[in-house]
Amino acid sequence: MNGILNILKPPGMTSFDVVSYLRKISGVRKIGHTGTLDPGAAGVLPVCIGSATKAIEYMMDKDKVYRAELTLGIETDTQDSSGSIICQKDVKVTEKEITDCINSFLGETEQVPPMYSAVKVGGKKLYDLARKGVDVEREPRKIKIYSINVVRISGVKVLFDVACSKGTYIRTLCADIGQKLGCGGHMSFLVRKRAGIFDIQTALTLEEIEYCAENNLLESKLVSVDRVFDSYRAVTLNSNELKKLRNGAFVSIGDSDLLKGETVKIYDADGTFIAIADVLVRGGQLMLKQKKVFC
């Protein structure tokens, strides 16, 4: 099997737990997820199978959409409800102040990764250091909040939707909002609604995946890996050109409206997705050079 499964990860499982489960029921060893989702969170987790694992590096950069619940007045050491309470304060802010504060995080900003994260400092994962009680200085990273909309405010509970760039920690966003409001806060609920092209409405539960595996339907649920590159233009090559491309040689494309520096999808004459390739100029001619071969 080669392709991508859009999994609805349940809360209580790590992303690697999901991969292990899929290996067990599918019998396929070459499986990898496309970006960690916190164990306590639920939602979209695209999982690549077979040769589709080669696309993981291109899927990690995709934007995400979440629905989160912020609980004001309580700070935890993990910035979510799984941690220990480190501070409690009265919440004396209006709904308008909450909404205005949340909206102030729109656009490009910098975010300091939480200690309980897989980010590495000095070759060591931060959560390993955090579990030993070690707190280290972390460099802020640039992120972008594309949209952020308050769904409901009920007492100290604030439900909101956020669309953001890769590398954004929603629990850190919640903690930062609480800090800016002066009362503190933590993320008490999180669901990922979208990751790149994969949406929660088409995500499959583990129970559905198990049923499909038992009835030989799992392969029919795979999303073709070329969907990851929907924004790329397509080029069809003949068998001789494909042989050159696979062997790492340059392939001339003659007169074309392709642009130098562009990356394209490569198909064979039957419409089978083969690879992605870069468009280069060599000897005054437009050429293709393989970037990643999938088939």
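Excluded from the calculations below are hydrogen atoms, water molecules and symmetry mates; all remaining heavy atoms, backbone and side chain alike, are included. Bear in mind the structure is a predicted one, so any value in this text is a computation, not a measurement.
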With a 4.5 Å heavy-atom cut-off, do [X] and [Y] have their side chains touching?
X      : Y      : value
Ile7   : His33  : no
Leu258 : Val235 : yes
Thr99  : Ile153 : yes
Lys62  : Phe198 : no
Leu259 : Val279 : no
Phe160 : Cys174 : yes
His186 : Gln79  : no
Asp100 : Glu97  : no

Considering all heavy atoms of both residues, which atom of [X] and which atom of [Y] are nearest to each other, and what is their separation?
X      : Y      : value
Ser256 : Leu286 : O-CD1, 4.1 Å
Gln111 : Tyr169 : OE1-N, 2.9 Å
Arg141 : Gly167 : NH2-O, 3.5 Å
Leu45  : Arg192 : CD1-NH2, 3.7 Å
Leu242 : Ile266 : CD2-CG2, 3.7 Å
Val44  : Leu37  : O-CD2, 4.1 Å

Nearest 0.5 Å, please: how far is [atom2] in [Y] from [atom1] in [X]?
X      : Y      : atom1 : atom2 : result
Asn149 : Arg67  : CG    : CZ    : 10.0 Å
Glu75  : Ile85  : CD    : CD1   : 11.0 Å
Lys166 : Ile143 : NZ    : CD1   : 12.5 Å
Thr202 : Leu8   : OG1   : CG    : 10.0 Å
Arg171 : Leu190 : CZ    : CG    : 9.5 Å
Leu204 : Leu218 : CG    : CG    : 8.5 Å

Hydrogens and angles aside, do [X] and [Y] bring a side-chain donor and acceptor to less than 3.5 Å of each other?
X      : Y      : value
Asp278 : Thr263 : yes
Asp226 : Ser224 : yes
Asp17  : Ser20  : no

Linking I/L/V/M/F/W/Y whenever any side-chain heavy atoms sit under 4.5 Å apart, do [X] and [Y] land together?
X      : Y      : value
Ile209 : Val223 : no
Tyr21  : Tyr211 : no
Ile200 : Tyr66  : no
Val264 : Val281 : yes
Leu159 : Ile74  : no

Exercise. So Ile148 and Asn103, side chain to side chain contact (heavy atoms under 4.5 Å, CB included) or not? Walk me through it.
Worked result: CA-CA 7 Å; Ile148 188 165; Asn103 287 334; 4.1 Å; yes
Problem set entry | side chain to side chain contact (heavy atoms under 4.5 Å, CB included) between Arg246 and Ile274, intermediate numbers included | CA-CA 9 Å; Arg246 284 193 174 104; Ile274 304 296; 3.5 Å; yes
Exercise. Below 4.0 angstrom, N of the basic side chain to O of the carboxylate: do Lys221 and Glu208 qualify?
Worked result: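 Glu208 and Lys221: not salt-bridged.
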Exercise. Does the pair Asp80 and Thr78 meet the rule for a side chain to side chain donor-acceptor pair (under 3.5 Å), with working shown?
Worked result: CA-CA 5 Å; Asp80 62 16; Thr78 59; 2.5 Å; yes
Problem set entry | Any donor-acceptor pair under 3.5 Å from Lys9 side chain to Pro39 backbone |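 Yes; judged by distance alone, with no hydrogens or angles, the pair exists.
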Problem set entry | Charged tip of Lys180 within 45° of Phe105 ring normal and under 6.0 Å |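 Geometry flag: set, cation within 6.0 Å and 45°.
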Exercise. Any idea how Phe229 and Tyr58 line up, ring-wise: parallel (<30°), tilted (30 to 60°), or perpendicular (>60°)?
Worked result: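 Taking Tyr58 first and then Phe229, their aromatic rings stand perpendicular (interplane angle over 60°).
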Exercise. Does the side chain to side chain contact (heavy atoms under 4.5 Å, CB included) test come out yes or no for Val225 and Asn2, once each step is laid out?
Worked result: CA-CA 8 Å; Val225 69; Asn2 300 291; over 6 Å; no
Exercise. Would Ile276 and Phe294 satisfy side chain to side chain contact (heavy atoms under 4.5 Å, CB included), going step by step from the backbone distance to the final call?
Worked result: CA-CA 8 Å; Ile276 56 174; Phe294 293 89; 4.2 Å; yes
For this session: Return yes when atom CD of Glu57 has more than 12 non-hydrogen atoms of other residues, nucleotides or ligands closer than 6.0 Å, and no otherwise.
Result: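 Yes, the 6.0 Å shell around CD holds more than 12 heavy atoms from other groups.
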